[in-house]
Protein chains: 2
Amino acid sequence: MHLLCAKGLELFHNNGFYNTSLDDILKELSLSKGAFYHHFKSKEDFFVNIIQNFVVQKVYALLVEPLSTQENPLHVIVDSLENALEPSKSNEMAYGFMLNDFLTEFNKRNTEIHRYLKDILNVWEVNLISLLKKGKVDGYIARHVNCEGVATFIIASYLGMRSLMMDGTDAQLKYQYMQQLKQYFNMLTERESVI
Amino acid sequence: MHLLCAKGLELFHNNGFYNTSLDDILKELSLSKGAFYHHFKSKEDFFVNIIQNFVVQKVYALLVEPLSTQENPLHVIVDSLENALEPSKSNEMAYGFMLNDFLTEFNKRNTEIHRYLKDILNVWEVNLISLLKKGKVDGYIARHVNCEGVATFIIASYLGMRSLMMDGTDAQLKYQYMQQLKQYFNMLTERESVI
DNA sequence: ATTTAAACCGACTCCTTGGTCGGTTTTATT
DNA sequence: AATAAAACCGACCAAGGAGTCGGTTTAAAT
């Protein structure tokens with residue numbers, strides 16, 4: 001059953017939910033329909049289960065845990081995105097950030113799941129925001145900065161990068177993105193010269 | 001036949017390519033399978049046709065034409081994105097920017113179409129870049145700016161915003177995004193103080 | 001008016017896929 | 001060993017969707 005979820009996540013992630021049939025998954029594991037429907041009541045139930053048990057945990061581990069650090073929040077964010085955009089061959093990090101692909105897929109087809117996924121994305125958002133606000137207090141981030149706006153900007157740009165990098169490893173693209181992101185972040189930092 | 005394409009684009013855009021059956025389209029137009037397959041050799045051929053005749057033209061109209069302006073490129077870009085993120089109720093602009101949704105959909109399912117769509121996106125990119133470079137020459141943009149990087153950043157953030165705003169009109173989100181984009185752009189402008 | 005081709009119809013086939021179900025094997029408990 | 005429960009099998013069903021095809025209507029050309 002754990003195998004089922006793992007393989008399911010793998011195939012769903014690679015080929016998409018609707019483009020992966022149960023038979024595909026079952027064939028690879030040499031399991032039967034009966035085995036599957038003994039554990040899950042539907043394909044969508046199966047998916048939600050996977051998200052719950054794998055993705056959500058990763059998101060928390062990746063996005064809540066870093067909050068506790070005392071470092072510069074902007075550095076923390078840069079590092080996490082750098083990591084998250086790494087080509088995902090057995091990339092632990094990728095699991096936490098695969099939401100985007102599923103979001104688009106479920107957009108109009110299953111609004112319930114779509115909303116559910118978006119809620120998870122919101123976890124990222126609120127944690128980003130509070131991380132940024134903390135950075136303000138700690139003097140890393142300029143006081144005029146709109147933390148909510150910055151969070152939105154980060155999330156949007158990251159999601160877009162995932163779209164652009166879909167097919168494979170475009171190191172150049174990633175490099176350009178990270179470079180601009182750093183410059184943007186640089187703008188947000190508290191500088192003495194401004195005072 | 002023109003009706004077919006128009007309705008096809010509408011439904012594909014609303015529900016996705018794979019989530020829209022030919023019957024769905026045909027039913028709305030009271031046409032038959034025969035009529036359809038008289039004009040197109042397959043569903044995918046139909047789609048490519050639509051993209052060719054509708055989307056590509058829009059992209060050119062929206063992204064090549066603005067190049068000729070003498071205004072500040074950054075303002076031009078801001079305006080176009082502002083427009084493009086407007087809720088798409090009969091929004092002409094939206095047609096030019098719907099590529100993102102299809103890109104994700106065709107990602108692993110039809111690499112040929114995916115690549116084709118990405119090529120169109122590249123049109124946007126090269127035009128953005130040359131617009132930015134022109135802005136440099138005209139003194140609107142600082143000389144140290146990496147135009148390719150900026151273009152990537154713009155595209156990524158825009159695509160991400162389309163993902164975030166999928167369900168409907170989140171004016172707040174859009175506002176935050178535009179605000180940050182403007183600040184980011186502000187950083188790129190040539191200022192006397194820097195000299 | 002006749003011919004010809006384009007446009008169109010709709011029933012049909014084939015295939016995929018999610019889901020069902022009666023029955024069998026495995027595992028654990030006593 | 002006996003029993004029960006969980007896990008599992010795989011043939012089967014029903015629905016939906018892409019694509020086919022022989023035939024009919026419409027429109028244009030001569």
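The sequence lines fix the lettering, A, B, ..., with proteins before strands; numbering per chain opens at 1. Heavy-atom basis, side chains included; hydrogens, waters and symmetry copies ignored.
With sequence neighbours excluded, no residue satisfies side-chain contact (heavy atoms from CB on, under 4.5 Å) with B/Lys27.
Taking atom NE2 on B/His38 and atom P on D/dT24, their separation rounds to 18 Å, with Å as the unit. If you measure from atom CZ of B/Phe40 to atom P of C/dA7, you get 11 Å, rounded to the nearest angstrom. Distance, A/Lys27 NZ to D/dC9 P: 15 Å, rounded to whole Å. The distance from atom CE of A/Met1 to atom P of C/dT27 is 17 Å, rounded to the nearest whole Å. In this structure, the NE2 atom of B/His39 is 16 Å from the P atom of D/dG19, given to the nearest Å. In this structure, B/Phe47 atom CZ and D/dA18 atom C1' are separated by 17 Å, rounded to whole Å. As a whole-Å value, the separation of B/Leu4 CG from C/dC9 C1' is 14 Å.
Ring centroids of A/Tyr60 and A/Trp124 are separated by 6.0 Å or more, keeping the two rings apart.
A perpendicular orientation is assigned to the rings of B/Phe12 and B/Phe47, their planes being inclined by more than 60° (bins at 30° and 60°). Ring-plane geometry between A/Phe54 and A/His2 is classed as tilted, the angle between the planes lying from 30 to 60 degrees on a 0 to 90 degree scale. A perpendicular orientation is assigned to the rings of B/Phe36 and B/Phe46, their planes being inclined by more than 60° (bins at 30° and 60°).
Under 3.5 Å, the side chains of B/Ser157 and B/Tyr177 contain a donor-acceptor pair of N or O atoms.
Taking every heavy atom of residues 102-115 of chain A and every atom of DNA chain D, no pair lies under 4.0 Å.
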- Task: Between protein and nucleotides 15-20 of chain C, map the contacts as a letter string: B base, S sugar-phosphate only, - none, heavy atoms under 4.0 Å, written 5' to 3'.
- Result: --SBBB
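Looking at B/Asp119 and B/Arg115, no side-chain N of the basic residue comes within less than 4.0 Å of a carboxylate O on the acidic one, giving no salt bridge. Taking a cutoff of 4.0 Å between a charged side-chain nitrogen and a carboxylate oxygen, B/Lys133 and B/Glu148 qualify as a salt bridge.
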